[in-house]
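Below, read A as the first sequence line, B as the second, and so on, with proteins coming before strands; counting in each chain starts at 1. Here the structure is a predicted model, which is why all the values come from computation and not from measurement.
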There are 2 protein chains.
Amino acid sequence: MGIKERRDREKKEHRQRILDEALQIITKEGFAALSMRKLAEKIEYSAASIYLHFRNRDEIARELSEVGYGQLFEFLTAAAQEKDAVKRLRAVGEAYVSFGLKHPEIYRLIFMSDAAYIEAVFIENNEDSAANKSYRILLGIAEDLKRSGHYRGKAASSEVADMIWTTWHGIISLKLTCTNFPMTPVETLVALMGKTIVEGLGAKRLPVSGRTPSVAKKR
Amino acid sequence: MGIKERRDREKKEHRQRILDEALQIITKEGFAALSMRKLAEKIEYSAASIYLHFRNRDEIARELSEVGYGQLFEFLTAAAQEKDAVKRLRAVGEAYVSFGLKHPEIYRLIFMSDAAYIEAVFIENNEDSAANKSYRILLGIAEDLKRSGHYRGKAASSEVADMIWTTWHGIISLKLTCTNFPMTPVETLVALMGKTIVEGLGAKRLPVSGRTPSVAKKR
DNA sequence: GTCTATATGAGGATAGAC
DNA sequence: GTCTATCCTCATATAGAC
């Protein structure tokens with residue numbers, strides 16, 4: 001049965017080669033630039049042969065998205081070793097943003113294009129998907145912030161985690177769409193954001209929504 | 001010279017009609033669905049005739065972006081009447097997010113696709129562009145927060161404004177890409193975010209970056 | 001079984017007839 | 001000024017060669 005094994009192995013390698021080249025194209029030129037023809041040229045096969053390995057262009061995109069979530073997870077994991085929740089919040093935030101800056105087209109693909117990719121990963125996939133594991137890093141930070149007395153509000157940890165996530169996503173996605181705006185450097189934004197959120201969550205006085213805090217009275 | 005005037009007027013009207021139909025297509029089906037052929041069918045002219053009014057599809061996109069910035073500006077202006085900076089922050093934030101939810105495809109076009117559109121507006125255009133005026137609403141809030149003693153940090157108003165903007169953008173853009181995630185409802189996120197930022201900016205104790213605040217010591 | 005060649009139909013853009 | 005005809009690029013599908 002060695003022949004079948006070799007054939008299977010070769011087919012798998014061929015498939016992987018297609019994915020590798022596709023990733024290169026996306027990384028360099030963005031997802032929109034990924035065409036079956038261009039990809040076929042790169043792998044030195046006809047376009048039709050790609051369809052023997054992938055149902056369509058979308059299936060390639062979905063697989064590459066998962067690669068992207070994996071890369072992001074590695075970035076985050078490396079930064080999530082810090083014990084202290086506040087330090088970890090800052091480290092992971094910086095890692096998240098630096099991933100986006102380093103792999104802008106991948107970030108666009110996984111978080112700024114079709115909702116189908118990310119939803120497939122979060123909803124259908126198992127708990128061990130890279131995207132879910134990344135989210136749990138974030139959730140862990142929110143829980144630790146609460147545990148260590150860094151926040152006093154009533155918000156659930158998942159809400160705090162979502163707030164932090166949207167924050168980082170906001171910075172990187174706006175930067176990718178508009179390289180010159182906001183003019184504040186990304187690093188400054190990450191630092192200011194992190195500090196403001198930590199202090200906001202842990203603030204002792206919680207002014208009732210809508211009322212002006214006493215400090216402002218002197219106006 | 002009345003004939004020339006009528007001709008000019010008719011041409012202008014025709015151009016406007018193209019834009020109107022294009023806006024409808026984008027609003028309903030998204031920018032990707034805007035094809036010259038489909039547009040031609042709507043206006044009941046040949047596709048080639050569109051090129052007499054617009055250099056290419058991109059030029060239509062750019063003009064529609066400006067319409068979009070104008071619509072956003074109107075949303076924000078209506079919410080920016082409130083005198084109190086904190087209340088205004090919340091009102092404008094809600095308006096920003098509700099614009100994004102109400103006109104998702106327009107939002108995608110102006111803030112989530114090509115950097116060229118937004119950069120053209122912010123950089124090349126005059127101070128009176130809708131995008132610049134919108135930004136100044138935000139900047140005004142940041143300045144008023146500072147003036148009324150709501151924040152004590154060293155961050156410049158423009159940095160605070162950018163932080164607030166990225167925050168709102170993060171919420172809406174993540175929601176548009178991933179309708180089921182984050183699971184926290186948009187309204188909850190906006191409220192939590194607004195509260196956390198106001199309290200974070202105004203917090204009395206400013207723990208030195210990297211040190212754990214005293215509350216956490218008990219861990 | 002795996003590939004090449006080719007067909008189909010959508011789309012952007014343009015030349016040239018009227 | 002408007003149209004038809006056309007060219008190019010693209011995703012996708014399939015027939016049939018090997």
Here the distance between atom P of dG12(C) and atom CG of D58(B), to the nearest Å, is 12 Å
May I ask you to decide whether D84(B) forms a salt bridge with R88(B), counting only side-chain N to carboxylate O separations under 4.0 Å? no
Next on the checklist: Ring of F31(A), cation from R57(A) - is the NZ or CZ under 6.0 Å from the centre and inside 45° of the axis?
Outcome noted: yes
Footprint ends on DNA chain D, 5' to 3', for atoms under 4.0 angstrom from a heavy atom of chain B, come out as dG1(D) to dT4(D)
Sorted by position of nearest nucleotide on DNA chain D, 5' first, the leading residue of R57(A) and R7(B) is R7(B)
query: Using a distance-only test with no angle check, is there a side-chain donor-acceptor pair under 3.5 angstrom linking H169(A) and S173(B)?
result: yes
* To do: Scan side-chain atoms only and decide if W165(B) and Y96(B) contain a donor-acceptor pair under the 3.5 Å cut-off.
  => yes
Just by distance, no angles: are the side chains of Q16(A) and D20(A) close enough, under 3.5 Å, to form a donor-acceptor pair? yes
- Message: Counting neighbours of CD on E44(A) that are heavy atoms of other residues, nucleotides or ligands and sit closer than 6.0 Å, is the number greater than 12?
- Response: no
Treating T184(B) as the side-chain partner and D162(A) as the backbone partner, does any N or O pair qualify as donor plus acceptor under 3.5 Å? no
| said: Quick check against the 3.5 Å criterion: does R136(B) have a side-chain atom that pairs as donor or acceptor with the backbone of E127(B)? | reply: yes
Comparing nearest nucleotides in DNA chain D, the 5'-proximal residue of the pair H14(B), S35(A) is H14(B)
Per the under-4.0 Å heavy-atom filter, residues of residues 37-54 of chain A near DNA chain D come out as R37(A), A48(A), Y51(A)
To the nearest angstrom, the CZ-P distance between R55(B) and dT14(C) comes to 10 Å
| said: Please classify the nucleic acid contact of L34(A) as base, sugar-phosphate, or nothing, using heavy-atom distances under 4.0 Å. | reply: sugar-phosphate
